[in-house]
Amino acid sequence: MSLRVLVPLLAGLCALVGGQTLASAGTTDGSRARAAVVVTYDASGSAEFADAVKKGVGVWNESVQNVELKPAESGEQADVTVLADDGWPRAQVPELGKGTVWMGRQAVNEGHDVVRIASHEFGHILGLPDRKPGPCSSLMSGASAGPDCTNPNPNEEEKAEVESNFGSQYAKLRDVRLDREYIDRP
């Protein structure tokens, strides 16, 4: 077996032992550059927010390279569960890349953008704290940016922090108990 085949195979096995998988990320020329940590999610309980969740996940997948959010396969235990309820949006994050996201109808009823909510709550799953109060240009400012803010995109600082969390810092952070709950009230 060549070294070119053996190295990615060993990296994948190490990642599987750690509880999450790795996926190869493509480069602009179509070659495989590196492996991203794969965080799976189950949005079957997200009700009317399913499309917003898919779009919020897409924002992160387009914004960062060291982690990829993917729907869990049928029968697979997801790293993240997404639910809909009548409260405020929130995320419970026991460990980096793991937890529960609630897409709360209360914020939607007050006019907050559902894709921004989904992207913000997944930001918590990816290790980002709330940054309140904050401007609309900061995804993690959450509801404090006001209901007129529809920006679902992380800023450069937020992207860099997620890249670090799932890049050079991942081996240190993946097994750390965070036990954090973020409730996105203004």
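When a residue number appears, it is its place in the shown sequence, counting from 1.
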- request: Taking Ser119 for its side chain and Asn153 for its backbone only, find out whether a donor-acceptor pair lies under 3.5 Å.
  value: no
query: Taking all non-hydrogen atoms of both residues, which atom of Phe122 and which atom of Leu69 are closest, and how far apart?
result: CD2-CD1, 3.9 Å
query: Do Leu83 and Val80 belong together in a cluster built from hydrophobic side chains that touch within less than 4.5 Å?
result: no
task: Given side-chain contact (heavy atoms from CB on, under 4.5 Å), test Phe166 with Val64 step by step and report yes or no.
output: CA-CA 10 Å; Phe166 287 89; Val64 295; over 6 Å; no
task: List in chain and number order the residues that pass ring pair (Phe, Tyr, Trp, His ring centres under 6.0 Å) with Phe49, two or more places apart in sequence or in another chain; answer none if no residue qualifies.
output: none
- prompt: Do any pairs count as a salt bridge (Lys or Arg N to Asp or Glu O under 4.0 Å) and have a residue in residues 55-64, sequence neighbours left out, and if so which ones?
  reply: Asp51-Lys55
field: Qualifying residues under salt bridge (charged side-chain N to carboxylate O under 4.0 Å, His left out), relative to Glu158, sequence neighbours excluded
entry: none
Reported CG-to-CD distance for the pair Leu139 and Glu157, which is rounded to 0.5 angstrom: 12.0 Å
query: Can any side-chain N or O of Ser144 pair as donor or acceptor with the backbone N or O of Gly134 at less than 3.5 Å?
result: yes
query: Do Leu96 and Val82 sit in the same hydrophobic cluster, where Ile, Leu, Val, Met, Phe, Trp and Tyr count as joined when their side-chain heavy atoms come under 4.5 Å apart?
result: yes
- prompt: Which residues satisfy the salt bridge (charged side-chain N to carboxylate O under 4.0 Å, His left out) test with Glu48, sequence neighbours excluded?
  reply: Arg105
- prompt: In terms of hydrophobic clusters joined by side-chain contacts under 4.5 Å, are Trp102 and Val53 together?
  reply: no
- prompt: Looking at OH of Tyr182 and CD of Glu121, how far apart are the two atoms once the value is rounded to the nearest 0.5 Å?
  reply: 10.5 Å
message: Can a donor-acceptor pair be found, under 3.5 Å and without considering hydrogens, that links the side chain of Arg116 to the backbone of Asn151?
response: yes
- prompt: Is there side-chain contact between Glu110 and Pro147, with at least one heavy-atom pair below 4.5 Å?
  reply: no
task: Kindly compute the distance separating CD (Gln92) from CG (Asp179), expressed to the nearest 0.5 Å.
output: 8.0 Å
message: Has Glu163 got a side-chain atom pairing as donor or acceptor with Asn66's backbone, closer than 3.5 angstrom?
response: yes
message: Rounded to the nearest 0.5 Å, what separates atom CD in Glu181 from atom OG1 in Thr100?
response: 9.5 Å
task: Provide the closest heavy-atom pair for Val67 versus Asn61 in the form atom of the first, atom of the second, distance.
output: O-OD1, 4.3 Å
query: Considering all heavy atoms of both residues, which atom of Asp79 and which atom of Val39 are nearest to each other, and what is their separation?
result: OD2-CA, 3.5 Å
query: Taking atom OG of Ser46 and atom CE of Met103, what is their separation to the nearest 0.5 Å?
result: 7.5 Å
message: Between Arg90 and Asp85 (salt bridge meaning N to carboxylate O under 4.0 Å), is one present in this structure?
response: yes
Taking every non-hydrogen atom, the tightest pair across Val93 and Leu178: O-CB, 3.5 Å
message: Tell me whether Met140 shares a hydrophobic cluster with Val59, the cluster being built from Ile, Leu, Val, Met, Phe, Trp, Tyr side chains joined at under 4.5 Å.
response: no
statement: Heavy-atom nearest pair, Ala107 first then Ile117, reads CB-CD1, 4.0 Å
- request: Would you check if the side chain of Thr40 reaches a backbone N or O of Lys70 as a donor-acceptor pair within less than 3.5 Å?
  value: no
- line: Closest non-hydrogen atoms of Val115 and Pro152, given as atom of the first, atom of the second and distance, are CG1-CB, 3.8 Å
- request: Applying side-chain contact (heavy atoms from CB on, under 4.5 Å), name anything that partners Glu161, two or more places apart in sequence or on another chain.
  value: Leu128, Pro129, Arg131, Asn165
- prompt: In Å and rounded to the nearest 0.5 Å, what is the NE2 to CH2 distance from His112 to Trp88?
  reply: 4.0 Å
message: Over 60° means perpendicular and under 30° means parallel, so tell me whether His120 and His124 are parallel, tilted or perpendicular.
response: perpendicular
query: How would you list, by chain and number, every residue that makes a salt bridge (charged side-chain N to carboxylate O under 4.0 Å, His left out) with Glu95, sequence neighbours excluded?
result: Arg177
